[in-house]
Amino acid sequence: MDRELLITKNNYEINKLAAKCLRVATLFLISLWLFSITDYYDYDKYNTAVIFLACFLLLMIPSLLVNVLKFEKRSVRYYIIMCVIGVAFLLGTFISYSYVILAIFPVLIATMYCDRKLIVITTSVDCLCVFLCMYMRYYIVEGNSAIEEYGSFAEALIYGVGLRIVLILVTTLFSYYIVDRNMYMLNKTISANNDLVHSQQELIYAFAELSESKSKVTGEHIRRVAAYMRILATASGFEKDYVDKLSVAAMMHDIGKLMISEEILDKPDKLTDEEYAIMKNHVLYGEALLAKCPGDIMQIAKTIALEHHERWDGTGYLGMKGEDISYISRLMAVCDVFDALTSQRYYKEGWSIEDTYKEIIRLSGVHFDPDVVELFDKHFDEFEQVLRSMPDHEIY
């Protein structure tokens with residue numbers, strides 16, 4: 001499991017959760033506005049409406065970024081936090097200084113991201129916000145009336161600003177502890193998951209080598225196919241974690257051959273119709289062997305094992321056609337055929353790299369997905385490099 005990738009995904013989910021919470025907060029904001037326009041409160045109705053409208057717009061910005069524009073950048077969390085701080089500043093400055101206590105919520109939001117640096121930055125901005133609110137109220141908005149309850153500006157700094165900053169710092173202390181605890185548990189989870197994935201990979205490779213041991217060459221075929229899959233999967237734009245899973249799962253594509261007799265697998269002559277029918281069953285055997293195996297890699301391997309002999313035009317083993325074939329199996333088809341054609345076996349000579357390239361290009365739209373062939377064409381140099389770096393070795 002890639003730690004940074006996991007944190008990135010977690011950040012995006014937190015962005016969505018925070019945006020949803022702020023949408024709910026708009027209901028609370030509307031309630032505050034309705035109370036503020038009653039005769040009980042001595043507020044300018046027009047100015048109050050403008051301030052609450054500005055707060056409402058600030059709270060909706062995260063939903064615009066996350067839910068509408070689908071931004072996944074790391075910087076989105078800063079916008080979310082600054083929007084909440086902005087609301088606390090506006091309400092605390094122009095409505096009532098009591099609302100400045102809302103500056104605690106950005107710290108709580110920062111805690112969800114499990115980022116110590118973000119918490120420190122948020123706390124610093126919050127403390128500045130608390131001070132600026134009082135400063136603005138005293139020198140710009142209301143003058144001395146802003147601090148009548150304190151007696152003087154110095155007392156306002158101590159009892160109004162100071163106590164609220166202390167409350168924010170206490171919240172930050174607890175947040176920091178929570179983040180430390182969460183990061184410790186996260187690291188333990190990642191470590192345990194990596195151990196599990198490693199064990200799963202070793203098991204997969206052992207089974208893949210077992211299936212290859214029925215032929216006259218070593219298991220370099222499965223290593224090459226895994227490398228080819230990594231090239232095409234990366235070129236397809238998959239995330240690194242999924243590319244790793246595909247690469248490992250690709251090694252299991254022929255696991256069903258364990259159920260096929262060596263007489264058929266290694267027959268130097270053309271297979272009879274009956275033998276060919278038996279050979280085709282290895283895709284069904286592979287699916288059956290992997291069907292109840294737990295884990296994402298095993299389930300990916302099951303799909304590949306079942307579909308890797310399907311053809312774009314529908315003339316494959318199972319008759320699947322076009323996009324009915326899973327995309328990862330379409331990638332596997334190119335990888336498997338490329339290696340099969342270029343590999344030497346005791347019953348055939350390997351094709352040249354040039355001839356193999358031309359054949360795969362020729363079969364675009366017939367055997368292979370044209371989009372996958374286009375990726376193969378663009379990254380052919382990488383295929384050639386893998387082939388030259390992992391030659392087959394005969395078993396004596």
Side-chain angles (χ1 to χ4, degrees), residues 2 194 196-236 238 240-258 260 262 265-266 282-283 286 289-290 293 295-309 328-353 356-357 359-360 368 372 375-376 379-396:
D2 187 278
N194 286 339
L196 180 61
V197 170
H198 179 71
S199 299
Q200 191 177 40
Q201 290 175 346
E202 290 297 317
L203 180 62
I204 287 174
Y205 187 70
F207 271 108
E209 280 197 318
L210 182 61
S211 68
E212 285 296 301
S213 68
K214 300 185 75 173
S215 67
K216 304 299 182 183
V217 293
T218 64
E220 294 307 312
H221 166 66
I222 60 176
R223 293 183 184 274
R224 287 194 301 268
V225 164
Y228 297 147
M229 176 62 89
R230 180 177 295 277
I231 293 169
L232 292 182
T234 302
S236 298
F238 291 127
K240 182 180 180 299
D241 184 57
Y242 191 65
V243 170
D244 292 340
K245 291 178 180 179
L246 283 176
S247 179
V248 174
M251 295 191 291
M252 296 282 279
H253 66 284
D254 275 338
I255 192 66
K257 287 184 177 180
L258 286 172
I260 306 296
E262 293 184 20
L265 285 177
D266 298 329
H282 84 270
V283 298
L289 287 171
L290 299 170
C293 295
D296 292 341
I297 295 177
M298 289 298 194
Q299 293 307 303
I300 293 171
K302 180 192 75 170
T303 299
I304 291 175
L306 177 67
E307 300 178 2
H308 71 282
H309 279 293
I328 57 175
S329 298
R330 287 178 256 158
L331 297 180
M332 188 69 232
V334 171
C335 298
D336 192 31
V337 171
F338 178 83
D339 198 72
L341 292 179
T342 54
S343 298
Q344 180 178 351
R345 297 293 182 260
Y346 74 95
Y347 54 84
K348 81 173 185 71
E349 293 293 327
W351 288 28
S352 69
I353 294 178
T356 303
Y357 169 80
E359 181 69 2
I360 290 181
F368 308 115
V372 176
L375 292 179
F376 166 80
H379 297 271
F380 176 68
D381 291 344
E382 296 174 55
F383 271 69
E384 186 174 1
Q385 183 179 355
V386 169
L387 179 61
R388 296 189 186 282
S389 65
M390 299 181 187
D392 281 327
H393 302 285
E394 292 184 2
I395 294 179
Y396 298 100

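The shown structure was predicted, so the numbers you read here are calculated from the model rather than taken from an experiment.
- Residues A305 and L290 share a closest heavy-atom pair of CB-CD1, 4.2 Å.
- Atom CG of L341 sits about 10.0 Å away from atom OG of S352, to the nearest 0.5 Å.
- At distances below 3.5 Å, not a single donor-acceptor pair connects side-chain atoms of S247 with backbone N or O atoms of V243.
- Between H253 and H309, the ring centre distance reaches or exceeds 6.0 Å.
- Distance check, rounded to the nearest 0.5 Å: CD1 of I360 to OG1 of T342 gives 8.5 Å.
- Note: D254 CG to I222 CD1 = 10.0 Å, rounded to the nearest 0.5 Å.
- For the atom pair CZ (R330) and CD1 (I328), the distance works out to 10.0 Å, reported to the nearest 0.5 Å.
- For Q385, the CD atom counts as loosely surrounded, since its 6.0 Å shell holds 12 or fewer non-hydrogen atoms of other residues, nucleotides or ligands.
- Contact between A249 and A301 at its shortest, heavy atoms only, is CB-N, 3.7 Å.
- The two residues C335 and L232 have their closest heavy-atom pair at SG-CD1, 3.7 Å.
- Considering only residues two or more places apart in sequence or on other chains, F368 meets the ring-ring contact (aromatic ring centres under 6.0 Å, His included) condition with none of them.
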- [ ] Would you please test R224 and S343 for side-chain hydrogen bond (donor to acceptor under 3.5 Å, both in side chains) and show each step?
- [x] CA-CA 11 Å; R224 287 194 301 268; S343 298; 3.0 Å; yes

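- The aromatic rings of F383 and Y228 lie parallel to each other, with less than 30° between the two planes, well short of the 60° mark.
- The OG1 atom of T234 lies 8.5 Å from the CD atom of E382; values are rounded to the nearest 0.5 Å.
- Nearest approach of M229 to L246, heavy atoms of both residues: CG-O, 3.7 Å.
- For the pair A227 and V386, the tightest heavy-atom approach, listed with the atom from each and the gap, is CB-CG1, 3.6 Å.
- Taking both residues in full, the closest heavy atoms of L289 and I255 are given as CD1-O, 3.8 Å, listed atom of the first, atom of the second, then distance.
- One distance of note links CG of D244 with CD1 of I297; it measures 8.5 Å at 0.5 Å rounding.
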TODO: Would you please test E359 and V337 for side-chain contact (heavy atoms from CB on, under 4.5 Å) and show each step?
DONE: CA-CA 10 Å; E359 181 69 2; V337 171; over 6 Å; no

